[in-house]
S.K.: 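I have a structure I would like to understand better, so I am pasting it below and will then ask my questions one at a time.
So that the names make sense, note that chain A is the first sequence line, chain B the second, and so on, each numbered from 1.
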Amino acid sequence: MPELPEVETIARGLDKRVAGDRIESVWIGNKPEPLKSSAAEIVKTLERSRIQRVRRVGKHIVFDLSAPKGTSGTPQWIVHLGMTGRMLVASAGAEPAGHTHLVARLESGRELRFVDPRRFGRLEVRQSAFNGPGKEPTSIALEELVKLFRRRTSPIKAALLNQKLLHGVGNIYADESLFRAGIRPRRRANLVTTAKYAKLHKGLQAVLAEAIAAGGSSVSDYVDADGEEGFFQLQHRVYGREGKPCLVCKTPIKKIVVGGRGTHFCPRWQR
DNA sequence: ATACCGACCTGTCAGC
DNA sequence: TGCTGACAGGTCGGTA
């Protein structure tokens, strides 16, 4: 579900609301997420630690924690929302949503609730710094992006989705940035010209910045930490516009499958 | 080493 | 109305 702009919006909202708060106790459901750390380890790390900061790394939400008195280190709580995950701040009395898998009760009386119907999300605690699987797309330099992609023989769209190269780009923003650059999603990455890479770099950073400014894209069920929807879906140029006219040349937008993912593009404008 | 494809889950919606 | 199947913003592991 959430890609870079949505996770960025959620992380900023969480930081604003829970930074400085302390986790008093943690409840984990009996059908928990596939946890990357054991439930006991998560409870042990979170309980009695203070949330210093909440930020995004790739598509992950990172809670920087200060360890309880008497212990050392700066533990982190890493949350990946998968397709349908939500991290909500709720008042303790509020009715819990279905598929709530973790509740962290805070000193302030509120609760952090992790909700994920499809259970593709992942929860993890770690003691060493988490840097994400790849490079940060919002700040990567053009030369570095070209170096990363140039030798790949996979379709350019599959390369964009590969989190070990750039982390944070998902299906919507891959399609949107390829449209802005005028590149066919199936074009092999090693055959994309330098000039097109310059356009892709520019288009990708522009679309991510615009989407963050709009609070992300709510296609079916994405909401931020306050339960609010984003509105960047209103500015999508190809994603979800199958059959509708291309905004450049009026040709109907086509939908195909690339790398196993639904892919939207203009067959005339994108070459 | 790299790339592809099915599996993992549940909810929703279109079509019959 | 109710059933069935396709599909969904993501990632992983096995196979080619």
S.K.: Taking only N and O in the side chain of A:Gln163, is any of them less than 4.0 Å away from OP1 or OP2 of C:dT11?
M.R.: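 A:Gln163 to C:dT11 OP1/OP2: side-chain N or O found under 4.0 Å.
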
S.K.: Considering only C:dT11, C:dG9, C:dC12, which nucleotide approaches the side chain of A:Lys36 most closely?
M.R.: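 The answer is C:dC12, which lies nearest to the side chain.
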
S.K.: Take atom NE2 of A:His99 and atom C1' of B:dC9, then tell me their distance rounded to the nearest Å.
M.R.: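 From A:His99 NE2 to B:dC9 C1': 10 Å.
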
S.K.: For atom CZ of A:Arg241, decide whether the heavy atoms of other residues, nucleotides or ligands shown that lie under 6.0 angstrom number more than 12.
M.R.: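 For A:Arg241, atom CZ is crowded (more than 12 foreign heavy atoms under 6.0 Å).
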
S.K.: Would you say that more than 12 heavy atoms from the other residues, nucleotides or ligands in this model lie under 6.0 Å from the NZ of A:Lys196, or not?
M.R.: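 Counting neighbours around NZ of A:Lys196, more than 12 heavy atoms of other residues, nucleotides or ligands fall under 6.0 Å, so yes.
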
S.K.: Give A:Tyr239 one of three labels, base, sugar-phosphate or nothing, depending on what nucleic acid heavy atoms sit under 4.0 Å from its own.
M.R.: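 Sugar-phosphate, no base atom in range.
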
S.K.: Within less than 4.0 Å of OP1 or OP2 of C:dT11, is there a side-chain N or O belonging to A:Lys59?
M.R.: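 So the side-chain polar atoms of A:Lys59 do come within 4.0 Å of the phosphate oxygens OP1 or OP2 of C:dT11, strictly under.
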
S.K.: Has A:Arg50 got more than 12 heavy atoms of other residues, nucleotides or ligands less than 6.0 Å from its CZ?
M.R.: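 For A:Arg50, atom CZ is crowded (more than 12 foreign heavy atoms under 6.0 Å).
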
S.K.: Taking the same atom, P, in B:dA1 and in C:dT11, what whole-Å distance lies between them?
M.R.: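 Going atom to atom, P in each nucleotide, I get 22 Å.
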
S.K.: Using whole Å, what does the distance between atom P of nucleotide C:dG9 and atom CE of A:Met87 come to?
M.R.: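 Rounded to the whole Å, the gap is 22 Å.
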
S.K.: Can you measure A:Leu35 atom CG to B:dC8 atom C1' for me and round it to whole angstrom units?
M.R.: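 So the two atoms are 15 Å apart, to the nearest Å.
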
S.K.: Which stems, defined as runs of 3 or more consecutive Watson-Crick or G-U wobble pairs with both pairing distances under 3.5 Å, involve DNA chain B?
M.R.: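 Listed by first number, the stems are B:2-8 with C:10-16, B:10-16 with C:2-8.
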
S.K.: For A:Lys164, answer base if it contacts any base atom (sugar-phosphate contacts may also be present), sugar-phosphate if it contacts only those atoms, and nothing otherwise; contact means non-hydrogen atoms under 4.0 Å.
M.R.: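 No contact at all - A:Lys164 keeps every heavy atom at 4.0 Å or more from the nucleic acid.
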
S.K.: Answer yes or no: side-chain N or O of A:Arg118 and base N or O of B:dC9 forming a donor-acceptor pair under 3.5 Å.
M.R.: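 Yes.
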
S.K.: Salt bridge or not between A:Glu107 and A:Arg48? Use side-chain N to carboxylate O under 4.0 Å.
M.R.: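 Judged by the 4.0 Å cut-off on N to carboxylate O distance, A:Glu107 and A:Arg48 do not form a salt bridge.
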
S.K.: What are the two closest heavy atoms between A:Asp116 and A:Gly121, and how far apart are they?
M.R.: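 Heavy atoms of A:Asp116 and A:Gly121 come nearest at OD2-N, 2.8 Å.
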
S.K.: Can you tell me the distance, in whole Å, between the CZ atom of A:Phe120 and the P atom of C:dC12?
M.R.: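 The answer, rounded to whole Å, is 12 Å.
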
S.K.: Mind checking what makes side-chain contact (heavy atoms from CB on, under 4.5 Å) contact with A:Gln76, not counting sequence neighbours?
M.R.: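 For A:Gln76 the side-chain contact (heavy atoms from CB on, under 4.5 Å) partners, ignoring immediate neighbours, are A:Arg55, A:Val62, A:Asp64, A:Ile78, A:Arg126, A:Phe130.
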
S.K.: Between A:Ile23 and A:Ala104, what is the shortest heavy-atom contact and its length?
M.R.: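 Minimum heavy-atom contact is CG2-CB, 4.1 Å.
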
S.K.: To the nearest angstrom, how far is A:Glu242 atom CD from C:dG9 atom P?
M.R.: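 Whole-Å distance recorded here is 13 Å.
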
S.K.: Name the pairs: protein N/O against N/O of nucleotides 3-6 of chain B, kept only if under 3.5 Å.
M.R.:
unit_1: B:dA3; atom_1: OP1; unit_2: A:Thr153; atom_2: N; d: 3.0
unit_1: B:dA3; atom_1: OP1; unit_2: A:Thr153; atom_2: OG1; d: 3.1
unit_1: B:dA3; atom_1: OP1; unit_2: A:Ser154; atom_2: N; d: 3.0
unit_1: B:dA3; atom_1: OP2; unit_2: A:Arg152; atom_2: NH1; d: 2.9

S.K.: Over how many whole Å does the gap from A:Arg86 atom CZ to B:dG11 atom P extend?
M.R.: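 Whole-Å distance recorded here is 13 Å.
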
S.K.: Check whether any side-chain N or O of A:His80 sits under 4.0 Å from OP1 or OP2 of C:dT11, and answer yes or no.
M.R.: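 Checking A:His80 against C:dT11: at least one side-chain N or O falls below 4.0 Å of OP1 or OP2.
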
S.K.: Compute the ring centroids of A:Phe232 and A:His236, then answer whether they are less than 6.0 Å apart.
M.R.: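 Close enough - the centres of the two rings lie under 6.0 Å apart.
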
S.K.: Say you draw a straight line from CD of A:Gln52 to CZ of A:Phe63; how long is it, rounded to the nearest 0.5 Å?
M.R.: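 CZ of A:Phe63 is found 13.0 Å from CD of A:Gln52.
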
S.K.: Between B:dG11 atom C1' and A:Arg119 atom CZ, what is the distance in whole Å?
M.R.: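 Going from CZ in A:Arg119 over to C1' in B:dG11 covers 13 Å.
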
S.K.: Using 4.0 Å as the upper bound for N to carboxylate O, is an ion pair formed by A:Glu176 and A:Arg180?
M.R.: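 Result for this pair is no, no salt bridge flagged.
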
S.K.: Without decimals, in angstroms, what is the distance between A:His167 NE2 and C:dC12 P?
M.R.: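 It is 14 Å, rounded to the nearest whole Å.
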
